[in-house]
Engineer: 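Questions regarding the structure given below will be posed in turn.
Lettering follows sequence order; numbering is per chain, from 1. Bear in mind the structure is a predicted one, so any value in this text is a computation, not a measurement.
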2 protein chains.
Amino acid sequence: MATTERKIRETQARTLSQRERILDAASRIVVREGFAALSMRKLADAIGYSPASLYLYFEGRDEIAEALGREGYMQLLAHLEPYAQEADARERLHALAHAYVAFGCGHPQTYELIFMARKGRSGQVGPPERRARGTAGVPDAPHEHADDACGVQLFAATLSELTLASGARADCALLAQALLATLHGAVMLTLARADFATAAPGPVIDAALDAWFGTRAAPGAPRAAKTPDATP
Amino acid sequence: MATTERKIRETQARTLSQRERILDAASRIVVREGFAALSMRKLADAIGYSPASLYLYFEGRDEIAEALGREGYMQLLAHLEPYAQEADARERLHALAHAYVAFGCGHPQTYELIFMARKGRSGQVGPPERRARGTAGVPDAPHEHADDACGVQLFAATLSELTLASGARADCALLAQALLATLHGAVMLTLARADFATAAPGPVIDAALDAWFGTRAAPGAPRAAKTPDATP
DNA sequence: GTCTATATGTCGATAGAC
DNA sequence: GTCTATCGACATATAGAC
């Protein structure tokens, strides 16, 4: 029956937009008050629903957090994208690195959300329970998982270009991981333990990159500060 | 009156040992079930108290978490200490770095505890609201705060030795911060986002150190694996 | 002084009425 | 499809028993 199909489609559309509405309100609460302050009741109030209704669109608070994390990751990638256009590999790497740290420090709650998905309970950090990708043969809804590693690849590609040019003295996949760890660590230390991070993240990243790939500017020149930093 | 003084001392001693008893039980719960599972009720049950009694010794859950974090930090330092004896600066740096990562990955809950003290609510990361310590004029228990930066200095000192020897080409305080960020980031990515950390932390750290200070082993030699790793 | 009993208000989640 | 009512667990505060 055509009418049945139409109804199904309408329901799906409504469900999708409802999910967006909920995520939107949740995002606003998290950015304003932090993730800890996100409760199902407050969220329901914000969109004029009863708390129970939220469970029609999400399995629970965890699924909402996960969706927010994915959303935040897309924002991070979008924030990095412009800097990936830079032609010179060395400049590009610097710009990407600083843009990454600037995003993390400028959007603490969003950044936290991205990296809080999945902790191992009870000591053993068992595999992150490989979720079944794609329910059937379907090409998998838009933004389903948004290939996780694509941010990593952004750095890895630039790195390989750079190390190849300067004589391939290192495993560039490992170095890309190390760079990512440095950026992530710098952000986390700045956000969570200001007492451990005695220096601003910007100069620290510069020092790391310079020690890895040589100073960017001509020797003797003052340290350039044209890269993005602290965008809050 | 002598008896009064004695009574005061006795009370203080009891309070101290009670705090230790509580912290001990809390530590056991956290290591076994993770920090999220630590509730005042469960903790009270574990030591045979009523929940309210805990508030006689601690201001609340947050203060317990903070105390556990300090305790964990001391464990981390104690874990690193043996490796600080190594005479050769380069070897020492490698050993310290790997020991650090091994501790973090081997004791996830403890490591989390160390770095979860103080998050900024609502975006602004205001000062950690200096709480009034010490019930009276007491010199405030031993191990008050155990100078936070002493772990950083451990790395900074070794680093300065190393960079000085090899021609001081970098700001070694900044490099120490960068190294610490790399280690912290490697641990955090491994613990929280196994999907982002595509490589094991050990080789990543090796790659970072090699790119910073040159390969440790003689050129052409197989990558040595005598440093500690994955101690869980 | 030390601890328990109890009360208040929060939370996530669910069952069932409309 | 949405809401009301409610459950069980939680942090915390207070009053008073021993």
Engineer: Anything under 4.0 Å to a heavy atom of chain A counts; send over the first and last such nucleotide of DNA chain D, read 5' to 3'.
Structural biologist: D:dG1 to D:dT4

Engineer: Could you note down all residue pairs passing ring pair (Phe, Tyr, Trp, His ring centres under 6.0 Å) where residues 19-47 of chain A supplies at least one of them, sequence neighbours left out?
Structural biologist: none

Engineer: Could you list the residues that satisfy side chain to side chain donor-acceptor pair (under 3.5 Å) with B:Gln18, not counting sequence neighbours?
Structural biologist: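 For B:Gln18 the side chain to side chain donor-acceptor pair (under 3.5 Å) partners, ignoring immediate neighbours, are B:Arg21, B:Tyr49, B:Tyr57.
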
Engineer: Can you name the side-chain contact (heavy atoms from CB on, under 4.5 Å) partners of A:Ala52, sequence neighbours left out?
Structural biologist: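 A:Ser50.
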
Engineer: Could you give the CD1-to-C1' distance, from A:Ile64 to C:dA13, as a whole number of Å?
Structural biologist: 12 Å

Engineer: Over all strands shown, is A:Phe58 touching base, sugar-phosphate only, or nothing at heavy-atom distances under 4.0 angstrom?
Structural biologist: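 No contact.
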
Engineer: Can you give one letter per nucleotide of nucleotides 7-12 of chain C, going 5' to 3': B for a protein heavy atom under 4.0 Å from the base, S for sugar-phosphate only, - for none?
Structural biologist: ----BB

Engineer: A:Leu16: which residues meet the side-chain contact (heavy atoms from CB on, under 4.5 Å) condition with it, sequence neighbours left out?
Structural biologist: none

Engineer: Could you identify which residues of residues 11-19 of chain A place a heavy atom less than 4.0 Å from some atom of DNA chain C, listed by residue number, or say none?
Structural biologist: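 When residues 11-19 of chain A is checked for heavy atoms under 4.0 Å from DNA chain C, there are no hits whatsoever.
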
Engineer: For A:Glu63, enumerate each residue passing the salt bridge (Lys or Arg N to Asp or Glu O under 4.0 Å) test, keeping only those at least two apart in sequence or located in another chain.
Structural biologist: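 Partners of A:Glu63 by the salt bridge (Lys or Arg N to Asp or Glu O under 4.0 Å) criterion, ordered by chain and then number, come out as A:Arg19.
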
Engineer: Please report, rounded to the nearest Å, how far the P atom of C:dA15 is from the CG atom of A:Leu56.
Structural biologist: 13 Å

Engineer: If you assign B:Ser53 and B:Ile8 each to the DNA chain C nucleotide with the nearest heavy atom, which residue ends up on the more 5' nucleotide?
Structural biologist: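 Final value for this comparison: B:Ile8.
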
Engineer: State which residues pass side-chain contact (heavy atoms from CB on, under 4.5 Å) with B:Leu183; sequence neighbours excluded, sorted by chain then number.
Structural biologist: B:Ala97, B:Tyr100, B:Val101, B:Phe155, B:Leu179, B:Ile205

Engineer: Please state whether the rings of B:His107 and B:Phe103 are parallel, tilted or perpendicular, taking 30° and 60° as the class boundaries.
Structural biologist: tilted

Engineer: List the residues meeting side chain to side chain donor-acceptor pair (under 3.5 Å) with A:Arg61, not counting sequence neighbours, and say none if there are none.
Structural biologist: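 None.
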
Engineer: Quick one: do A:Phe196 and B:Tyr73 satisfy ring-ring contact (aromatic ring centres under 6.0 Å, His included)? Show the steps, please.
Structural biologist: CA-CA 12 Å; A:Phe196 274 39; B:Tyr73 183 63; 5.4 Å; yes

Engineer: List in chain and number order the residues that pass side-chain contact (heavy atoms from CB on, under 4.5 Å) with A:Leu56, two or more places apart in sequence or in another chain; answer none if no residue qualifies.
Structural biologist: none

